[in-house]
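Structure first, commentary second.
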Amino acid sequence: MTASTNGAHAFAVEPNPNPRTNAEREAELAHPAFGLAFTDHMARLSWTAGEGWSDRRVVPYGLIALDPAAAVLHYAQEIFEGLKAYRHADDSIWTFRPTANAERFTRSARRLALPELDPKDFLGAIEALVREDRAWVPAGADTSLYLRPFMFATEAFIGVRPSHTVEFFLIASPVGSYFANGVAPVGIWVERTTHRAGPGGTGSAKCGGNYAGAMAAQESAYAHGCEQVLYLDAVRGEYLEELGGMNIVVVFDDGTAATPPISGTILEGVTRSSILQLLADRGVDVAERPVALAEVVDGARTGRVAEVFACGTAAVMTPVGRLKGDDFEVEVGDGGAGELTMSVRAELTDIQYGRIEDRHGWTHRLI
Ligand SMILES: *Cc1c(COP(=O)(O)O)cnc(C)c1O
């Protein structure tokens, strides 16, 4: 467990003059839905090409004024992150591998020609905001405070070049289970018409543009009775990449597993890397290698593929019960949640909520 060492003290706090009452907050926390309610404050920093980062503040949550010519509204020069704050049984509040998110934010910034934010500011904003809004970190099982840092181009200029002014914000939303009905297996639409990323593109950066390009396929998924989209590689259209916002892992009947490698076109998930470690700790042989769609579809039919799961911070691990494409539909296993999936999910969340030893030093105390 890492001690809390960051730049929270650098953030000036302007308390919200009209915070929600205790009763209003408790009502929100009683039924947290993903990403709909936000806390009373937000953290922010500003950047200009001449002066770098300044103006570190925690301010009342509220509207942002933008010039209609602000570059982000036209050219989508924007990146974001997602992580969570967890309340432990002793009421201390922790986050999970935040340095990995800070480093990924830096890599995303480079790819989108945005300024790099010092990880001290990234962590400082998180600590300063969670301190101010600590009452918003829910205590129920599987609940947490979802933290959403993001950065975007604000310069009022519709010529095409990297913006000379940028804003960073951090907002926070109390959340329960990502899926409204708890951990239930999802049906996946295998998308062949569009791709979320290609070689040299922005697939490995966490940027809003990747999501914008994936909305149409998400609609196809719903139209085909599926909840999520699985993308294939853009070069051959044969190999699994990832879901719109989650990585994917396939578990075989001999107890081995495979997941697509970090090749530049998929997002390097913190959840993915944590799960690979937990699987390795159990002696599970996990290959990071290209995984052909045909191998998974045939394997689901023959029983060679025992489990498939998707993973990411928001939903942690989601069993995949069904894969559907233009010309096939297969159940994975018996269509229910896989045993290994649920067991690793329990272990990971036990670490995040401080219920078992954190042997890899992943958790980071905020309060
Ligand atoms: C954020 C994200 C993930 C999951 O990353 P985590 O760090 O595990 O939350 C996977 N794929 C995409 C496209 C993402 O944006």
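Scope of the values below: all heavy atoms of this structure, side chains included, with no hydrogens, waters or symmetry mates. All of these numbers come straight from a predicted model, not from anything done at the bench.
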Can you tell me which residue pairs pass the salt bridge (charged side-chain N to carboxylate O under 4.0 Å, His left out) test with a partner in residues 33-47, sequence neighbours excluded?
Arg20-Asp40, Arg44-Glu167
Do Val344 and Leu276 sit in the same hydrophobic cluster, where Ile, Leu, Val, Met, Phe, Trp and Tyr count as joined when their side-chain heavy atoms come under 4.5 Å apart?
yes
Exercise: identify the closest heavy-atom pair between Ile93 and Ala85:
CG2-CB, 4.0 Å
For His31, the side-chain hydrogen bond (donor to acceptor under 3.5 Å, both in side chains) test, sequence neighbours excluded, returns none
Say whether Val229 and Met317 are linked into one hydrophobic cluster, either directly or through other cluster members, by side-chain heavy-atom distances under 4.5 angstrom.
no
Side-chain donor-acceptor contacts of residues 283-293 below 3.5 Å, not counting sequence neighbours, with atom names and distances?
residue : atom : partner : partner atom : Å
Glu288  : OE1  : Arg272  : NH1          : 3.4
Glu288  : OE1  : Arg272  : NH2          : 2.7
Arg289  : NH1  : Glu295  : OE1          : 3.0
Arg289  : NH2  : Glu295  : OE2          : 2.9

May I ask you to list the residues sharing a hydrophobic cluster with Val160, side-chain cutoff 4.5 Å, ordered by chain and number?
Tyr75, Ile158
Looking only at side-chain N and O atoms, does Asn16 offer a donor or acceptor that is under 3.5 Å from a partner on His41?
no
Distance-only, no hydrogens or angles: does the His88 side chain make a donor-acceptor pair with backbone N or O of Gln352 under 3.5 Å?
yes
Partners meeting salt bridge (Lys or Arg N to Asp or Glu O under 4.0 Å) with Asp121 (sequence neighbours left out)
Arg56
Donor + acceptor pair across side chains of Thr154, Thr165 (<3.5 Å)
yes
Heavy atoms of Pro15 and Val13 approach each other most closely as CD-O, 3.5 Å
Would you be so kind as to tabulate the donor-acceptor pairs closer than 3.5 Å made by side chains of residues 330-340, with sequence neighbours excluded?
residue : atom : partner : partner atom : Å
Asp334  : OD1  : Gly336  : N            : 2.8

For the residue pair Thr39 and Arg25, confirm or rule out a side-chain donor-acceptor distance under 3.5 Å.
no
Spell out, as yes or no, whether a donor-acceptor pair under 3.5 Å connects the side chain of Thr259 to the backbone of Ile248.
yes
Report whether Leu36 and Ile171 are members of the same hydrophobic cluster (ILVMFWY, side-chain heavy atoms less than 4.5 Å apart, transitive linking).
no
Is there a donor-acceptor pair under 3.5 Å between the side chain of Thr202 and the backbone N or O of Ala205?
no
Using 0.5 Å steps for rounding, measure from the OG atom of Ser108 to the CD atom of Glu116.
11.0 Å
Do the non-hydrogen side-chain atoms of Lys206 and Leu267 ever get within less than 4.5 Å of each other?
yes
Should Val316 and Asp142 count as side-chain neighbours, where that means a heavy-atom distance under 4.5 Å?
no
What is the distance from atom CG of Asn247 to atom CD of Glu241, rounded to the nearest 0.5 Å?
10.5 Å
Ignoring hydrogens and geometry, is there a side-chain-to-backbone donor-acceptor pair from Ser163 to Val166 under 3.5 Å?
no
If you define the side chain from C-beta out and look only at heavy atoms, does anything of Tyr239 sit under 4.5 Å from Tyr231?
no
Check whether the side chains of Arg97 and Thr363 place a donor and an acceptor atom closer than 3.5 Å, and report yes or no.
no
Ignoring hydrogens and geometry, is there a side-chain-to-backbone donor-acceptor pair from Glu227 to Val186 under 3.5 Å?
no
When rounded to the nearest 0.5 Å, the distance separating OG1 of Thr313 from CG of Asn101 is 6.0 Å
May I ask you to check whether Phe96 and Tyr353 place their ring centres under 6.0 Å from each other?
no
Which residues share a side-chain hydrogen bond (donor to acceptor under 3.5 Å, both in side chains) with Gln77, sequence neighbours left out:
none
Show every salt bridge (charged side-chain N to carboxylate O under 4.0 Å, His left out) that has at least one partner inside residues 242-268, sequence neighbours left out.
Arg107-Glu268, Arg196-Glu242, Asp253-Arg304, Asp254-Arg304
Nearest atoms (heavy-atom pairs only) where Pro115 meets Trp53:
CG-CZ2, 3.7 Å
Please report the closest heavy-atom contact between Ser144 and Tyr86, naming both atoms and the distance.
CB-CD2, 4.1 Å
In the hydrophobic clustering that connects Ile, Leu, Val, Met, Phe, Trp and Tyr at side-chain heavy-atom distances below 4.5 Å, which members other than Ile262 occupy its cluster, ordered by chain and number?
Ile266
Here the gap from Asp298 atom CG to Arg301 atom CZ, rounded to the nearest 0.5 Å, amounts to 6.5 Å
Can you check whether Asp55's main-chain N or O pairs, donor with acceptor, with Ser46's side chain at less than 3.5 Å?
no
How are the rings of Phe38 and Tyr61 set to each other: parallel, tilted or perpendicular (split at 30° and 60°)?
parallel
Does any donor atom in the side chain of His360 or Asp281 lie under 3.5 Å from an acceptor atom in the other side chain?
yes
Cluster overlap Met42 with Val137, hydrophobic side-chain contacts below 4.5 Å
no
Parallel, tilted or perpendicular: ring planes of Phe169 versus Phe152, cut at 30 and 60 degrees:
parallel
Rounded to the nearest 0.5 Å, how far does CD of Glu14 lie from CD of Glu132?
11.0 Å
Output every pair passing salt bridge (charged side-chain N to carboxylate O under 4.0 Å, His left out) with a member in residues 305-328, not counting sequence neighbours, ordered by first then second residue.
Arg322-Glu329
Phe105 and Phe122: CA distance, side-chain angles, deciding distance, side chain to side chain contact (heavy atoms under 4.5 Å, CB included) verdict:
CA-CA 9 Å; Phe105 200 57; Phe122 186 92; 3.8 Å; yes
Any sub-3.5 Å donor-acceptor pair from Asp233's side-chain atoms to Arg236's backbone N or O?
yes
Taking Glu347 first and then Arg359, would you say they form a salt bridge - that is, a charged N and a carboxylate O separated by under 4.0 Å?
yes
Shortest non-hydrogen pair, Met246 vs Gln228, comes out as CE-OE1, 3.7 Å
For Glu191 and Thr194, run side chain to side chain donor-acceptor pair (under 3.5 Å): C-alpha distance rounded to whole Å, both residues' side-chain angles, the deciding distance at 0.1 Å, then the answer.
CA-CA 7 Å; Glu191 171 69 12; Thr194 65; 2.8 Å; yes
Under the salt bridge (charged side-chain N to carboxylate O under 4.0 Å, His left out) rule, what pairs show up with a residue in residues 150-160, not counting sequence neighbours?
Glu155-Arg161
Going by the ring pair (Phe, Tyr, Trp, His ring centres under 6.0 Å) test, which pairs reach into residues 297-330, not counting sequence neighbours?
none
Got a second to check how far Ile367's CD1 is from Trp94's CH2, nearest 0.5 Å?
12.0 Å
Whether the side chain of His224 engages the backbone of Trp189 through a donor-acceptor N/O pair (distance < 3.5 Å, no angle test) should be reported.
no
Verify, without hydrogens or angle tests, whether His74 (side chain) and Pro68 (backbone) share a donor-acceptor contact under 3.5 angstrom.
yes
Between Ala197 and Thr265 the two heavy atoms that sit nearest each other are CB-O, 3.4 Å
Expected output: side-chain Arg87 to main-chain Ala139 donor-acceptor under 3.5 Å
no
Starting from Val320, can I reach Leu232 by hopping between I/L/V/M/F/W/Y residues whose side chains sit under 4.5 Å apart?
yes
For the residue pair Val305 and Val251, establish whether any side-chain heavy-atom pair is separated by less than 4.5 Å.
no
Hey, are Glu81 and Arg104 close enough for a salt bridge, meaning a charged N less than 4.0 Å from a carboxylate O?
yes
